[in-house]
Amino acid sequence: MDMQKPVRVRFAPSPTGFIHVGNVRTALFNWLWAGRLGGTFMLRIEDTDAERSEARYEEQLMEDLRWLGLDWNEGVGRGGDCGPYRQSDRYGIYREYARRLLDEDKAYRCFCSAEELDAVRQEQAAKKETPLYSGKCRHLPQGEVDEKLRAGAPFTLRLRVRPGTVGFDDLVFGRVEIATSMVSDPVLLRSDGSPTYNFCCVIDDALMRITHVIRGDGHLPNTHRQVLAYEALGFAPPRFAHLSTILGPDGQKLSKRHGATSIEEFRRRGYLPEALVNYLALLGWSPATDGEEIFSADEIKAQFDLGRVVKSPAVFDPAKLDWMNRTYINKTPGEVLAKTARPYFEEAGLVADADADPDPAATDAWLGRVIDLVKTHVDHLDQLPAASGVVYGFADAAGGETAVPPEAPLALEDAARAALAPPEARAVAEEFARLAYGRERLDSESYREMLGGVKAATKQKGRNLYHPIRAALTGRDSGPDLERLIAVYEDGARLGLPRKVASCKERLRAFLAML
RNA sequence: GUCCCUAUCGUCUAGUCGGCCUAGGACACCGCGCUUUCAAUGCGGCAACACGGGUUCGAAUCCCGUUGGGGACGCCA
């Protein structure tokens with residue numbers, strides 16, 4: 001265990017589906033550990049399950065990692081001197097080691113059929129016994145083996161598990177030790193000659209000089225088998241660190257029915273990668289200092305310590321993720337958010353597709369101001385178009401995902417109508433409108449001047465002054481700061497957007513006519 | 001069934017050698033303040049050591065048991 005050795009860790013997913021938050025947290029902890037210690041973070045693809053592995057999942061998974069900023073510096077897509085990094089490209093290597101184990105009698109051929117083994121297991125289960133391999137083929141006389149081979153009988157290769165105990169010192173769970181009598185002789189090679197996970201994993205981690213295996217705690221029992229395999233192969237085992245499972249709010253393993261779980265889905269819904277990374281890092285790990293929880297990836301990297309990872313499973317809390325995402329959204333300037341948020345506005349028909357937009361830069365700049373106005377109301381970016389109703393003029397689809405009416409007229413909400421009902425309120429609104437109509441150009445500065453004019457003419461102030469103006473201008477009785485909103489209305493009106501943004505004068509005329 | 005792991009507020013967690021813990025922080029929730037309004041924000045509140053035995057002058061912290069939760073027992077990974 002010399003700590004001088006450069007740290008090498010790997011993330012080794014199977015491309016059998018969309019990658020979910022649990023896997024990503026594993027990748028993240030590997031990435032953080034490598035980053036903290038200035039080591040190598042490798043991506044290896046475990047596609048020995050030919051049935052379920054698909055190339056598109058591999059693509060997706062790499063895209064997800066890149067999006068999150070979990071860049072790997074060796075492995076699939078990056079190369080390196082320990083390749084190939086896809087297990088399906090390494091079968092020759094596994095065969096070679098299997099041969100060696102067989103020659104050294106550390107492994108043996110098992111001629112039991114899958115059906116046979118299954119029957120035995122069922123029998124054992126029925127008798128309430130621990131289902132274990134009987135060891136039937138462990139000591140087959142050589143003559144019998146030769147005979148079966150001559151007859152072309154299919155066989156698997158099993159590791160000969162030694163008596164005694166196996167154990168290892170897990171970086172998060174501590175010493176874990178069991179009697180080898182509790183572990184069946186693991187199958188190394190299937191009857192079709194393909195290698196199994198436990199075998200590939202050991203050979204790859206050894207050959208790729210992995211120093212720390214950081215993975216889900218579902219592998220904890222596998223680790224015993226793997227340690228035995230390391231022994232048989234004559235390799236020194238790496239350090240292990242097992243991460244507890246992430247559960248859904250009901251305490252069950254996180255799955256699709258808990259809502260969004262795939263990274264792809266979080267991205268689609270407008271979660272920021274830095275928020276997801278921050279949240280996931282705090283699931284099972286915490287910094288040594290109490291208090292602050294908002295950290296950049298680099299800040300986390302600087303403090304990350306496997307020794308501070310908790311052993312018990314953590315429940316994924318969407319509400320806290322939302323809070324964190326909100327925090328990041330509010331920290332990020334609208335003009336920056338506009339780049340990632342624009343597609344949501346395009347989809348809602350509020351801005352033209354970028355390639356059909358005569359001046360996309362102007363649109364983005366304006367969109368950034370809209371976003372700054374309404375972003376404190378959203379949990380994730382895909383809610384932005386609906387939250388922008390106050391600018392576009394449609395009635396707020398409260399909670400509605402993308403319910404943005406394309407051609408609806410300006411909507412005067414009941415609360416705004418009520419706010420304008422008293423004669424004094426109406427007088428304020430009309431005086432404001434009169435001043436606005438008389439002006440060529442409206443902006444934040446002229447708004448302040450007009451406000452003074454209305455104040456002088458109507459003798460109203462405070463709420464009685466602002467509220468009617470807000471209602472007559474926005475059709476609502478609450479919303480963002482008027483001074484900034486007015487400029488956004490005016491500039492939006494000049495932009496020629498697919499869904500026209502009404503100017504202040506147009507709004508005043510329309511709303512006052514509705515009373 | 002057998003084996004392994006695990007157990008602090010509703011949730012994420014701090015608590016690293018037992019005393020500094022009348023158990024701290026964050027999310028959620030509730031209240032108050034700020035603000036023309038809403039949101040944001042600031043302040044405050046509610047809320048936990050699963051249970052039972054030990055060991056000890058002293059236990060959330062150590063030991064045993066009970067209960068709850070998770071996992072494994074595959075020619076899946």
Side-chain angles (χ1 to χ4, degrees), chain A residues 12-14 16 46-49 51-53 87 110 112-114 117-118 121 124-133 154-158 170 173-174 176-179 181-184 186-192 194-198 200-201 215-222 224 242 244-245 247 249 251-253 279 282-294 307-308 310-324 326-327 330 373-378 387 390 415 419 451 461-471 474 476-482:
Chain A
S14 314
T16 55
E46 310 214 325
D47 56 351
T48 52
D49 187 346
E51 294 279 294
R52 298 190 297 148
S53 295
Q87 290 186 330
C110 171
C112 299
S113 70
L117 293 169
D118 210 44
R121 261 192 296 274
Q124 287 169 326
K127 283 192 287 187
K128 306 243 185 260
E129 284 172 4
T130 306
L132 279 172
Y133 172 60
F155 62 87
T156 62
L157 191 72
R158 283 185 190 267
D170 193 277
F173 283 90
V176 187
E177 206 166 39
I178 60 160
S181 59
M182 292 310 300
V183 350
S184 299
V187 170
L188 269 19
L189 253 34
R190 303 187 184 97
S191 50
D192 65 358
S194 65
T196 60
Y197 165 75
N198 276 315
C200 299
C201 187
R215 61 194 354 174
D217 70 353
H219 290 291
L220 218 34
N222 278 332
H224 294 111
H242 287 91
S244 63
T245 325
L247 308 174
Q252 299 293 101
K253 213 165 169 178
Y279 177 71
L282 260 23
L283 220 47
W285 173 82
S286 63
T289 48
D290 225 18
E292 188 61 67
E293 293 198 346
I294 301 295
R308 292 188 60 83
V310 297
K311 301 187 244 196
S312 48
V315 172
F316 185 86
D317 182 7
K320 186 152 184 180
L321 204 216
D322 280 353
W323 165 76
M324 201 157 265
R326 249 180 289 152
T327 304
N330 288 324
L373 242 28
V374 303
K375 67 183 182 184
T376 56
H377 294 260
V378 304
V390 68
L451 210 53
K461 58 178 181 175
R463 185 184 164 82
N464 292 335
L465 175 67
Y466 289 101
H467 211 223
I469 295 175
R470 169 178 296 286
T474 69
R476 306 171 171 219
D477 77 332
S478 71
D481 175 53
L482 282 178

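Letters A, B, ... are given to chains in the order of the sequence lines, protein chains preceding strands, and every chain is numbered from 1.
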Closest-nucleotide 5' rank along RNA chain B - winner of A:His467 and A:Ser184
A:His467
Are more than 12 heavy atoms from other residues, nucleotides or ligands located less than 6.0 Å from atom CD of A:Glu51?
no
Between B:G69 and B:A50, how far apart are the two C1' atoms, rounded to whole Å?
11 Å
A:Ser478, nearest nucleotide to its side chain (from B:C38, B:U11, B:A77)
B:C38
With C1' as the reference atom in both, quote the distance from B:U66 to B:C73 in angstrom, rounded to an integer.
25 Å
Is there a side-chain contact between A:Ser286 and the phosphate of B:C12, meaning an N or O under 4.0 Å from OP1 or OP2?
no
May I ask you to evaluate whether A:Arg326 reaches the phosphate of B:A28, defined as a side-chain N or O under 4.0 Å from OP1 or OP2?
yes
With a cut-off of less than 4.0 Å, is there a side-chain N or O of A:Arg215 near OP1 or OP2 of B:G71?
no
Proximity to the side chain of A:Arg470 - top-ranked nucleotide from B:C12, B:U36, B:A14:
B:U36
Among B:C5, B:A77, B:C75, which nucleotide has an atom closest to any side-chain atom of A:Phe173?
B:C5
Would you mind checking if A:Glu129 and A:Arg121 are paired as a salt bridge, meaning a charged N to carboxylate O distance below 4.0 Å?
no
Using a cut-off of less than 4.0 Å, is there contact between a side-chain N or O of A:Arg121 and OP1 or OP2 of B:G74?
yes
Which listed nucleotide (B:C75, B:A72, B:A7) is nearest to the side chain of A:Ser312?
B:A7
Please classify the nucleic acid contact of A:Asp481 as base, sugar-phosphate, or nothing, using heavy-atom distances under 4.0 Å.
base
N or O in side chain of A:Lys311 less than 4.0 angstrom from B:U6 OP1/OP2:
yes
When you measure from the side chain of A:Ala114, which nucleotide among B:G24, B:A28, B:C75 comes out closest?
B:C75
With heavy-atom distances below 4.5 Å as the criterion, would you say the side chains of A:Tyr197 and A:Asn222 are in contact?
yes
Determine whether a donor-acceptor pair (one donor, one acceptor, N or O, separation below 3.5 Å) exists between the side chain of A:Lys320 and the base of B:A28.
no
Rounding to the closest angstrom, what is the interatomic distance between B:G70 and B:G33 at atom P?
46 Å
